[in-house]
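Residue numbers begin at 1 in each chain, while the letters A, B, ... track the order of the sequences.
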Number of protein chains: 2
Amino acid sequence: MEETMTAAKNRIKTFKTIQSEVESTNRVALSVDCVIFGFDENKLKVLLIRSDLKQYQGQWSLLGDLVEPNEGLDEAAYRILKQRTGLNDLFLEQVHTFGEVERHPASRVVTVAYCSLINIQHHKLKILDNELHWHDIDSVSEMAFDHKEIFDTSYSQLQKRVREHPLGFSLLPNKFSLRELQNLYEAILNIKLDRRNFRKKFFAMDFLIDMDEVETDVPHRPGRLYRFDYAKYEKSTKKWNGIAF
Amino acid sequence: MEETMTAAKNRIKTFKTIQSEVESTNRVALSVDCVIFGFDENKLKVLLIRSDLKQYQGQWSLLGDLVEPNEGLDEAAYRILKQRTGLNDLFLEQVHTFGEVERHPASRVVTVAYCSLINIQHHKLKILDNELHWHDIDSVSEMAFDHKEIFDTSYSQLQKRVREHPLGFSLLPNKFSLRELQNLYEAILNIKLDRRNFRKKFFAMDFLIDMDEVETDVPHRPGRLYRFDYAKYEKSTKKWNGIAF
DNA sequence: AATTTAAAGTGTAAAAATTACACAATAATT
DNA sequence: AATTATTGTGTAATTTTTACACTTTAAATT
């Protein structure tokens with residue numbers, strides 16, 4: 001190389017330079033935390049595990065784990081979810097990354113939060129670990145680490161997302177009544193909805209397939225059962241304005 | 001401790017255990033990349049810097065840096081932004097975290113993307129480093145690392161955010177005409193808008209303060225100048241339905 | 001078998017928001 | 001004085017949202 005490099009040329013770093021720069025930088029531990037929402041008994045739930053850190057004994061925490069060396073972030077989230085719930089065929093979305101210096105008592109751990117919606121009916125048998133528990137959304141208070149903040153952020157995001165896309169279906173059994181669907185939306189958004197307008201809106205969306213079946217074991221007129229037409233929804237190109245309530 | 005611990009008790013880890021677990025885990029380098037949007041000459045711009053990595057010579061990259069050991073993520077983003085543009089009094093939002101294993105050629109570097117909107121008129125003098133350049137949004141193609149993907153994600157998020165909140169104002173000079181405001185929205189959203197309906201909508205929002213001044217140096221009827229009432233916007237509690245166009 | 005109970009299912013009218021659309025007013029330039 | 005380019009303005013049609021009440025149905029009870 002020339003002696004008379006310009007400033008512009010001076011700033012160029014070779015691979016080795018960059019490598020040693022990156023290698024010598026302070027590195028952080030990286031984890032993923034999953035906020036797993038479910039729906040049961042007309043209540044929105046979140047799946048929590050008892051903290052395994054003595055310092056937080058008795059407190060609840062999100063399902064998290066350190067990211068493996070050769071694992072992408074999404075990959076890690078899917079792995080953790082699979083390990084804990086048994087399934088991987090579900091909606092999973094990155095929410096936010098939390099990196100306050102002191103957020104973990106032992107060391108600097110930056111965590112990437114993921115949010116997931118699962119159908120409790122389909123997954124309930126997989127929860128063998130009795131340190132796991134479905135909590136009612138409104139009973140979540142103190143949590144280990146900064147997990148309450150992560151939960152709050154994820155719940156807000158869920159509320160927002162559910163108004164933009166018909167995601168709620170993934171929380172329901174394959175066949176559901178419109179009442180169940182409405183209960184779900186009311187639970188997520190924490191508002192009351194008008195039954196007729198709600199039905200009108202979802203029928204107009206045209207993603208519901210009438211199963212020609214009705215509920216059983218209800219002590220009153222049973223509702224018709226529907227399933228969500230995921231294929232049609234995925235293919236629909238018409239601009240999606242979200243679901244106003 | 002007792003010999004006959006239950007399984008539940010067995011899983012509890014002391015601080016020291018956790019600490020050594022976290023310390024011994026594979027750690028990653030952590031960086032922040034800022035996608036800085038500006039607006040000038042009726043074009044939406046993004047501020048890029050020539051890559052300082054020889055491998056990517058000639059290619060453009062986002063403004064990024066490694067996160068310092070005692071620095072939070074937001075803090076790091078503000079620092080980088082301040083270092084590069086001189087200002088810190090601006091909107092800054094985390095967008096997404098990118099952690100593919102091979103995204104950085106030298107080592108595992110996980111990066112947290114932040115998005116920011118700045119007023120080019122106010123900041124243009126701060127850009128002393130001639131490796132920095134404002135690029136037209138539609139001329140951004142190949143970039144170093146996975147920065148094109150980060151840019152795309154951030155731009156999509158900007159388009160979405162700008163429909164939800166009147167953020168666009170932060171890209172404009174303090175005083176602006178409605179034509180400038182409309183040009184901005186058209187540039188961000190990449191659509192044409194009806195002038196009368198656009199004006200109607202923004203006047204109805206009631207966050208514009210008429211400055212009782214008009215444009216100068218235009219070879220036609222000058223437009224009135226307005227400024228955005230940030231205080232009123234912040235205070236407004238009325239639910240914000242977003243800006244439909 | 002008749003009655004009760006509880007929720008399902010259904011339509012319409014008013015209000016609000018969105019869209020489409022055209023001409024007169026103004027300042028600078030020629 | 002005429003030309004040019006853009007500002008500024010209103011209304012009607014359409015679509016979307018909201019508010020609201022009665023009949024139907026199946027199971028459970030009497």
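- If you check every strand for non-hydrogen atoms under 4.0 Å, A/V218 touches sugar and phosphate atoms only.
- Distances were taken from every side-chain heavy atom of B/R221 (C-beta onward) to each of D/dA5, C/dC21, D/dA28; the shortest belongs to D/dA5.
- Side chain of B/H220, nearest nucleotide from C/dC21, C/dA7, D/dA5: D/dA5.
- Checked by distance alone, A/K200 brings a side-chain donor or acceptor within 3.5 Å of a matching partner on the base of C/dT12.
- Distance from the side chain of B/K201 is smallest for C/dT18 among the nucleotides D/dT11, C/dG11, C/dT18.
- Between B/F176 and B/F39, a ring centre-to-centre spacing not shorter than 6.0 Å is recorded.
- B/D217 places its CG atom 16 Å from the C1' atom of D/dA5, with the value rounded to the nearest Å.
- Rounded to whole Å, atom C1' of D/dT7 lies 11 Å from atom CZ of B/F203.
- Atom CD in B/E180 sits roughly 13 Å away from atom C1' in D/dT7 (whole-Å rounding).
- In this structure, the CZ atom of A/F198 is 16 Å from the C1' atom of C/dT10, given to the nearest Å.
- Within the nucleic acid shown, B/R199 comes within 4.0 Å of at least one base atom, counting heavy atoms only.
- If you take CG of B/L181 and P of D/dT7, they are 12 Å apart, rounded to a whole angstrom.
- The interatomic distance linking A/R179 (CZ) with C/dT10 (C1') rounds to 15 Å, in whole Å.
- Note: CG (B/N183) to C1' (D/dT6) measures 12 Å, nearest angstrom.
- Nucleic acid contact for A/R195: base, since at least one base atom lies under 4.0 Å from a heavy atom of the residue.
- At a threshold of 4.0 angstrom between heavy atoms, the contacts of A/D194 include nucleobase atoms, whether or not backbone atoms are also involved.
- Between C/dC21, C/dA8, D/dG8, one nucleotide has an atom nearer to the side chain of B/N197 than all others, and that is C/dC21.
- Here the two rings, on A/Y226 and A/F203, have centers that are under 6.0 Å apart.
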Open item on the list: If you apply the rule side-chain contact (heavy atoms from CB on, under 4.5 Å), what do you find for B/L132 with B/L63, and how did you get there?
Closed with: CA-CA 9 Å; B/L132 272 173; B/L63 297 172; 3.4 Å; yes
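- Regarding contacts with the backbone of C/dC21, every side-chain N or O of B/R196 stays at 4.0 angstrom or more from both OP1 and OP2.
- Applying the 6.0 Å contact sphere to NZ of A/K201 captures more than 12 heavy atoms from other residues, nucleotides or ligands.
- The distance from atom CG of A/L208 to atom P of C/dG9 is 12 Å, rounded to the nearest whole Å.
- Taking every side-chain heavy atom of B/P222 into account, C/dA27 is the closest of C/dT18, C/dA27, D/dA26.
- The only member of B/T111, B/V110, B/V112 that meets side chain to side chain contact (heavy atoms under 4.5 Å, CB included) when paired with B/F98 is B/T111.
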